[in-house]
Amino acid sequence: MKRKSLFALSAVVVVAAAALVPVLWSGGDNLHNGTAMAATPADQAALIKKGEYLARAGDCIACHTVRGGKQFAGGLPMATPFGTMFTPNITPDDQYGIGKWTQDDFYRAMHTGRSKDGSLLYPGFPFTSYTKVTRADSDAIYAYMRSVTPVNVPSRPHELKFPFNQRNMLIGWRTLFFREGEYKADPTKSVEWNRGAYLIEGLGHCGMCHTSINAMGGPVSSAAFAGGLIPLQNWYAPSLTSNKEAGLGDWETKDIADLLKTGVSNRGAVFGPMAEVVHNSLQYMSDEDINAMATYLKTIPQKSEAPEPLQLETSEKFGGELLKQGQKIYADNCAKCHAENGLGMPPSFPPLANNQSIQMPSAVNPIRMVLNGGYPPSTDGNPHPYGMPPFAQALSNTEVAAVVTYIRMSWGNHGTAVSPQQVSDLRSAPLD
């Protein structure tokens with residue numbers, strides 16, 4: 001779908017970074033020196049340790065490190081219909097990194113979405129969430145970033161088409177969708193709940209993936225956490241507000257915490273972009289913070305209906321033929337792990353029966369799993385995860401559609417039939 005709005009680039013950039021986590025988009029300026037020092041070396045060490053933990057909570061390493069490259073040296077490409085953006089070097093290198101940033105410069109980027117020279121940062125850097133981060137936490141992250149090894153590598157300039165390379169065009173977007181301000185605790189809620197809200201809505205910026213955006217790239221306020229398609233990664237971030245998708249209303253808090261901390265629980269496992277978040281970030285968080293996040297997520301208001309994403313449909317007759325064909329494919333390829341009755345062997349092999357992620361309106365994720373396979377994240381709590389083999393080479397588009405149709409419509413599941421054309425579209429789409 002083409003959007004001719006002036007703010008279309010913002011929409012694409014927001015979606016891209018939401019699935020891949022935070023990117024500190026530099027303005028390409030050289031910044032002046034300014035080092036923050038704590039009162040004593042012991043205080044400084046404690047501040048750096050705190051900052052490292054918070055940087056993990058924000059998953060900064062995921063976007064600012066190319067696979068096999070130097071940590072935080074940037075260079076990760078993010079392709080969009082409007083050109084390619086590249087994440088910047090945020091190591092403390094004086095020439096190419098943030099070695100000359102001050103605490104104030106860093107906080108301004110986090111809190112206001114502006115670079116040191118005042119230029120506007122693209123909302124691929126989730127300043128709309130980071131504005132909620134306290135000054136003390138921002139200073140701690142800054143101290144940690146100054147402690148990492150400098151890398152003398154220039155940030156690659158973005159390759160954006162005109163007029164999307166004009167940053168001042170973001171003024172309108174910010175006016176509509178950005179409200180600056182640190183998180184304010186709700187005095188009617190517990191300390192644990194408020195801590196979870198601060199992490200989920202601030203550094204965690206979970207809503208960037210799990211909230212739909214409108215035609216101008218802004219979050220739909222009435223659809224917070226109600227799910228959304230991540231087109232540049234070709235995954236669907238399910239709704240957290242509807243039990244027809246990934247709604248958490250009937251989950252135990254422990255199951256939510258297990259999923260966040262280890263990537264697996266008795267209710268299912270995470271794959272795709274969420275697996276990267278668990279691997280890079282959530283597994284390193286304290287049990288107290290994980291439980292706080294689970295406590296907050298558990299209280300997100302639940303709605304009776306899930307969003308209705310665009311879904312290619314098949315005729316009832318063809319859907320019946322796919323269902324019959326899929327039963328045999330499932331028995332030959334899937335039943336050994338997921339059982340003939342679809343109950344699986346959790347947490348190693350998740351159940352498919354009564355699994356919201358299988359039967360929700362969007363069939364993107366189960367199609368992606370059958371085509372490409374994957375693993376839950378390797379974590380301390382689950383160091384040797386069982387994986388799903390890819391079937392892209394073994395099964396045709398029709399066969400993939402058939403087996404996905406079968407698991408979506410069997411054992412009491414209430415999904416709909418899948419179109420082979422949708423499988424074809426996802427087969428040819430990039431994985432990242």
Side-chain angles (χ1 to χ4, degrees), residues 17-23 52-65 67 71 76 126 129 195-196 198-210 225 227-228 230 233-240 245-248 251-298 300 344 346-351 355-357 364-366 368-369 372-388 431-432:
L20 294 173
V21 296
V23 182
E52 181 180 14
Y53 178 84
L54 294 169
R56 281 287 191 185
D59 203 3
C60 306
I61 195 172
C63 278
H64 291 282
T65 306
R67 183 173 296 179
Q71 286 191 353
L76 185 74
S129 296
R195 176 63 175 174
Y198 174 72
L199 291 169
I200 292 291
E201 296 187 3
L203 281 173
H205 60 283
C206 305
M208 288 191 71
C209 272
H210 291 279
F225 297 106
I230 311 172
Q233 289 187 296
N234 299 293
W235 286 86
Y236 177 76
S239 169
L240 303 182
E245 295 205 356
L248 305 174
W251 281 52
E252 297 294 332
T253 302
K254 182 182 183 303
D255 289 332
I256 302 173
D258 287 346
L259 196 72
L260 296 176
K261 183 76 172 181
T262 69
V264 295
S265 77
N266 287 328
R267 296 295 299 262
V270 298
F271 293 89
M274 189 61 191
E276 296 179 14
V277 174
V278 173
H279 177 76
N280 290 319
S281 173
L282 295 178
Q283 69 163 314
Y284 297 99
M285 301 188 71
S286 68
D287 290 343
E288 292 77 13
D289 276 348
I290 288 292
N291 289 332
M293 295 170 73
T295 296
Y296 175 72
L297 288 171
K298 175 70 176 174
I300 292 177
S348 298
F349 303 110
N355 186 323
Q356 296 104 311
S357 66
V364 167
N365 293 353
R368 286 295 304 268
M369 286 303 303
N372 308 118
Y375 281 83
S378 175
T379 61
D380 285 343
N382 185 37
H384 303 292
Y386 289 88
M388 167 83 175
L431 294 179
D432 295 318

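Predicted model only: the values in this text are computed from it and were never measured.
Annotation: salt bridge (charged side-chain N to carboxylate O under 4.0 Å, His left out) contacts of D287 (sequence neighbours excluded): K261. Partners of T295 according to the side-chain hydrogen bond (donor to acceptor under 3.5 Å, both in side chains) rule, which considers only residues two or more places apart in sequence or in another chain, are E192. Not a single ring pair (Phe, Tyr, Trp, His ring centres under 6.0 Å) links Y375 to another residue, sequence neighbours left out. Taking Y284 as the reference, nothing meets the ring pair (Phe, Tyr, Trp, His ring centres under 6.0 Å) condition, with sequence neighbours excluded. With sequence neighbours excluded, the residues forming a salt bridge (charged side-chain N to carboxylate O under 4.0 Å, His left out) with R195 are D289, listed by chain and number. Residues meeting the ring pair (Phe, Tyr, Trp, His ring centres under 6.0 Å) test with Y198, sequence neighbours left out: none.
Atoms CD1 and CD1, from I256 and I290 in turn, are 11.5 Å apart once rounded to the nearest 0.5 Å. Interatomic distance, CG of N382 versus OG of S265, reported as 11.0 Å (0.5 Å rounding).
Judged by distance alone, the side chain of T65 and the main-chain N or O of Q71 form no donor-acceptor pair under 3.5 Å. Counting only distance, with no hydrogens or angles, the side chain of H279 and the backbone of V277 share no donor-acceptor pair below 3.5 Å. Using modelled atom types, one side-chain atom of Q283 and one backbone atom of D380 make a donor-acceptor pair closer than 3.5 Å. Side-chain N or O atoms of S378 include one that pairs as donor or acceptor with a backbone N or O of P383 at under 3.5 Å. In this structure, Y296 contributes its side chain and L199 its backbone to no donor-acceptor pair below 3.5 Å.
Nearest heavy atoms, A62 versus N280: CB-ND2, 3.8 Å. Nearest heavy-atom pair, L76 versus C63, reported as atom, atom and distance to 0.1 Å: CB-O, 3.3 Å. Summarising the geometry of M369 relative to G374, their closest heavy-atom pair is CE-N, 4.1 Å, with the distance given to 0.1 Å. Heavy-atom minimum distance, P376 versus V264: CB-CG1, 4.0 Å. Counting all heavy atoms, side chain and backbone alike, E201 lies closest to S129 at O-CB, 3.4 Å. Annotation for P350 and A269: closest pair CB-N, 4.4 Å, computed over non-hydrogen atoms.
With contacts defined as side-chain heavy-atom distances shorter than 4.5 Å, the pair L297/L260 qualifies. Residues N365 and S357 have side chains not in contact (no heavy-atom distance under 4.5 Å, counting atoms from C-beta outward). Within the 4.5 Å cutoff, the side chain of V270 has no heavy atoms near those of the E276 side chain.
More than 12 heavy atoms of other shown residues, nucleotides or ligands fall within 6.0 angstrom of atom CZ in F349.
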Side chain to side chain contact (heavy atoms under 4.5 Å, CB included) evaluation trace for L282 with M293: CA-CA 10 Å; L282 295 178; M293 295 170 73; 3.9 Å; yes

Begin from the C-alpha positions of D258 and E252 and carry the test side chain to side chain contact (heavy atoms under 4.5 Å, CB included) through to its verdict. CA-CA 10 Å; D258 287 346; E252 297 294 332; over 6 Å; no

Would you please test R368 and F271 for side chain to side chain contact (heavy atoms under 4.5 Å, CB included) and show each step? CA-CA 10 Å; R368 286 295 304 268; F271 293 89; over 6 Å; no

